[in-house]
Amino acid sequence: MFIDSHCHIDFPELAERADELMSAMRDNQVSHALCVSVNLPHWPNVIAMAERYPHVYASVGVHPDYEDEIEPTVEQLVELAQHPKVIAIGETGLDYYRLQGDLEWQRERFRVHIRAARATGKPLIIHTRSASEDTLRIMAEEKASEASGVMHCFTESQAVADAAIAQNFYISFSGIVTFKKAEELKEVARTIPLERMLIETDSPYLAPVPFRGKQNHPALVRHVAEHIADLRGISVAEVAAATTANFARLFKLEGKLA
Ligand SMILES: [Zn+2]
Ligand SMILES: [Zn+2]
């Protein structure tokens, strides 16, 4: 069984075919998916997915690319995280690629999410792009290691992966790892400890090879696993077992994954 640790099936283009996506998951041995929140106005759609489908979990948080949102407070995130299907805080983090200028608000928002994660004991889903130094620094300053979490859709260097693992984090690979030119990333996927690895689609974006350029969805996560198995010279069953066990351990679902 495979688990898609990060998808956006609440987005309209996927939500409108949700039943079909669930049966595609079953057909491809994808047992669970984590539907990740990007802002609070649309959070009801995220939690609705988790309420409708037993094998879908949810997170709560505001993505760093959403500039014009009302800033969430620690209290607000803690309260929304009480829902039994909410297993993580995020996605949060820093993105200096999409947005430029004075991004102090992004760093402050990131700190709020880390504090909410520590207060709830729920792990963080961290998005970092062109901002790894500040991301790792703020994680350390705010003691994100106490909450743990995942560096999602990882595209950074081996050194950043090692530093995140040293802060008690997991590394999640998306379809990007299947792209021909992602040589440095393939090397990271080849060498990090298997017990620190997760897999994801980040759908509807970033469909893995051989579906590159098409609409992505959770069932395609098995292609990410197959590619990593090839890279490491191990069986896909081994990647599936390890990443599923890691997901359960990180999100405190051991013995509870129905
Ligand atoms: Zn992201
Ligand atoms: Zn995402």
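All values reported here derive from a predicted model rather than from experimental measurement. Values below: all heavy atoms of this structure, side chains included; hydrogens, waters and symmetry mates excluded. Read the numbers this way: they start at 1 and go in the same order the structure lists the ligands and their atoms.
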Using 2.8 Å as a strict upper limit, say whether an N, O or S atom of His8 approaches the Zn ion (ligand 2) that closely.
yes
Are any N, O or S atoms from His127 nearer to the Zn ion (ligand 2) than 2.8 Å?
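Of the N, O and S atoms in His127, none lies under 2.8 Å from the Zn ion (ligand 2), which means no.
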Is it true that Glu141 and Arg111 have a side-chain N and a carboxylate O under 4.0 angstrom from each other?
yes
So does Arg190 pair up with Glu187, basic N to acidic O under 4.0 Å?
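Here Arg190 pairs with Glu187 in a salt bridge, since their nearest N and O are under 4.0 Å apart.
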Step-by-step salt bridge (Lys or Arg N to Asp or Glu O under 4.0 Å) determination, Lys85 to Glu51:
CA-CA 7 Å; Lys85 292 298 290 278; Glu51 286 174 346; over 6 Å; no
Would you name the N/O/S atom of Asp202 that lies closest to the Zn ion (ligand 2)?
OD1
So if I apply the salt bridge (Lys or Arg N to Asp or Glu O under 4.0 Å) rule between Asp65 and each of Arg109, Arg129, Arg98, which one comes out positive?
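For Asp65, the salt bridge (Lys or Arg N to Asp or Glu O under 4.0 Å) test succeeds with only one of Arg109, Arg129, Arg98, which is Arg98.
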So among Phe154, Tyr170, Phe173, which one has a side chain to side chain contact (heavy atoms under 4.5 Å, CB included) with Ile192?
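Running side chain to side chain contact (heavy atoms under 4.5 Å, CB included) over Phe154, Tyr170, Phe173 with Ile192 returns exactly one hit, Phe173.
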Check whether any N, O or S atom of His152, backbone or side chain, sits closer than 2.8 Å to the Zn ion (ligand 1).
yes
Within the stated cut-off of 2.8 Å, is an N/O/S atom of Glu91 closer than that to the Zn ion (ligand 1)?
yes
